[in-house]
Visitor: 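Below you will find the structure I want to go over with you.
Small disclaimer: the values here were computed from a predicted structure and weren't measured. First listed ligand is number 1; within each ligand, the first listed atom is number 1.
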Amino acid sequence: MKILCAWIIAVSVTLTASAQELGKTFQKTCGFCHQSGVAGAPKIGDKAAWEPRLKKGIPALVESVVSGKGAMPPKGLCATCKTEDYRALINYMAAQ
Ligand code: HEC
């Protein structure tokens, strides 16, 4: 039982740390445009702006970021982001 509790605590600490990491990555990359809606970027937390885009499905949205779309440069300024990071960042923006 003690071992299980320690494991649960360790997992929840890891999750909190990664949520903070996500916020930091967002601010340094996507947030540059998606925070205020530069050049027509769908703003963080703007459900009306995100809803029609989410209907395309997350894989299609990740693809838009990786190859660039309109005023958004390829990779969305995040040179080190992987597919999972883009997924997490998109969910982060759409769900705030
Ligand atoms: C230089 C500004 C800029 C940066 C940086 C940026 N975006 Fe964007 N993003 C835009 C603009 C502008 C659009 C709207 C493009 C359009 O629909 O013409 C957009 C659209 C999107 C869309 C919707 C794509 C679609 O197919 O409808 C997603 C998803 C997205 N951005 C995710 C991200 C993520 C994740 C990051 C960070 C890794 C990021 N963006 C960084 C400007 C930016």
Visitor: Once rounded to the nearest 0.5 Å, what's the spacing between atom CG of Leu77 and atom NZ of Lys28?
Guide: 12.5 Å

Visitor: Which residue from Tyr92, Trp50, Tyr86 reaches closest to atom 29 (C) of ligand 1 through any of its heavy atoms?
Guide: Trp50

Visitor: Mind checking whether Met93 has a heavy atom under 4.0 Å from ligand 1?
Guide: yes

Visitor: Considering only protein heavy atoms, which is closest to atom 12 (C) of ligand 1, and at what distance to one decimal place?
Guide: Ala39 O, 3.2 Å

Visitor: Table please: side-chain donor-acceptor pairs of residues 34-43 below 3.5 Å, with sequence neighbours left out.
Guide:
unit_1	atom_1	unit_2	atom_2	d
His34	ND1	Pro42	O	2.7

Visitor: Before accepting this row, confirm whether a basic side-chain N of the pair Glu84/Arg87 lies closer than 4.0 Å to the acidic partner's carboxylate O.
Guide: no

Visitor: Looking only at protein heavy atoms, which one is nearest to atom 17 (O) of ligand 1, and what is the separation?
Guide: Arg53 NH1, 2.8 Å

Visitor: If you round to the nearest 0.5 Å, how far is NZ of Lys75 from OG1 of Thr80?
Guide: 8.5 Å

Visitor: Can you list the atoms of ligand 1 that are under 4.0 Å from a heavy atom of Leu61?
Guide: 24 (C), 25 (C), 26 (O), 27 (O), 29 (C)

Visitor: For the CE atom of Met93 and the CH2 atom of Trp50, what is their distance to the nearest 0.5 Å?
Guide: 4.0 Å

Visitor: State, with a plain yes or no, whether a side-chain heavy atom of Cys78 is found less than 4.5 Å away from one of Asp85.
Guide: no

Visitor: What do you reckon, Cys33 and Cys30 SGs under 2.5 Å?
Guide: no

Visitor: Counting non-hydrogen protein atoms only, what is the nearest one to atom 14 (C) of ligand 1? Give residue, atom name and distance.
Guide: Gly40 O, 3.8 Å

Visitor: Show which atoms of ligand 1 fall inside a sub-4.0 Å distance from at least one heavy-atom site of Thr29.
Guide: 5 (C)

Visitor: Could you list the donor-acceptor pairs under 3.5 angstrom formed between side-chain atoms of residues 54-67 and any protein atom two or more places apart in sequence or on another chain?
Guide:
unit_1	atom_1	unit_2	atom_2	d
Glu63	OE2	Ser67	OG	3.4
Ser64	OG	Ala60	O	3.3
Ser67	OG	Glu63	O	2.7

Visitor: Does the side chain of Thr25 reach to within under 4.5 Å of the side chain of Tyr92, using non-hydrogen atoms?
Guide: no

Visitor: Mind checking how many protein N/O/S atoms fall short of 2.8 Å from atom 8 (Fe) of ligand 1?
Guide: 2

Visitor: If we only consider heavy atoms of Cys81, is any one of them less than 4.0 Å away from an atom in ligand 1?
Guide: no

Visitor: Starting from atom 25 (C) of ligand 1, locate the nearest protein heavy atom and write down its residue, its atom name and how far away it is, to 0.1 Å.
Guide: Lys56 NZ, 3.1 Å

Visitor: Determine whether Leu89 and Leu22 make a side-chain contact, defined as any pair of heavy atoms from C-beta on separated by less than 4.5 Å.
Guide: yes

Visitor: Strictly by ring pair (Phe, Tyr, Trp, His ring centres under 6.0 Å), give each pair with a member in residues 58-81 just once, sequence neighbours left out.
Guide: none

Visitor: For atom 18 (O) of ligand 1, what is the closest protein heavy atom, and at what distance to 0.1 Å?
Guide: Gly70 CA, 3.9 Å

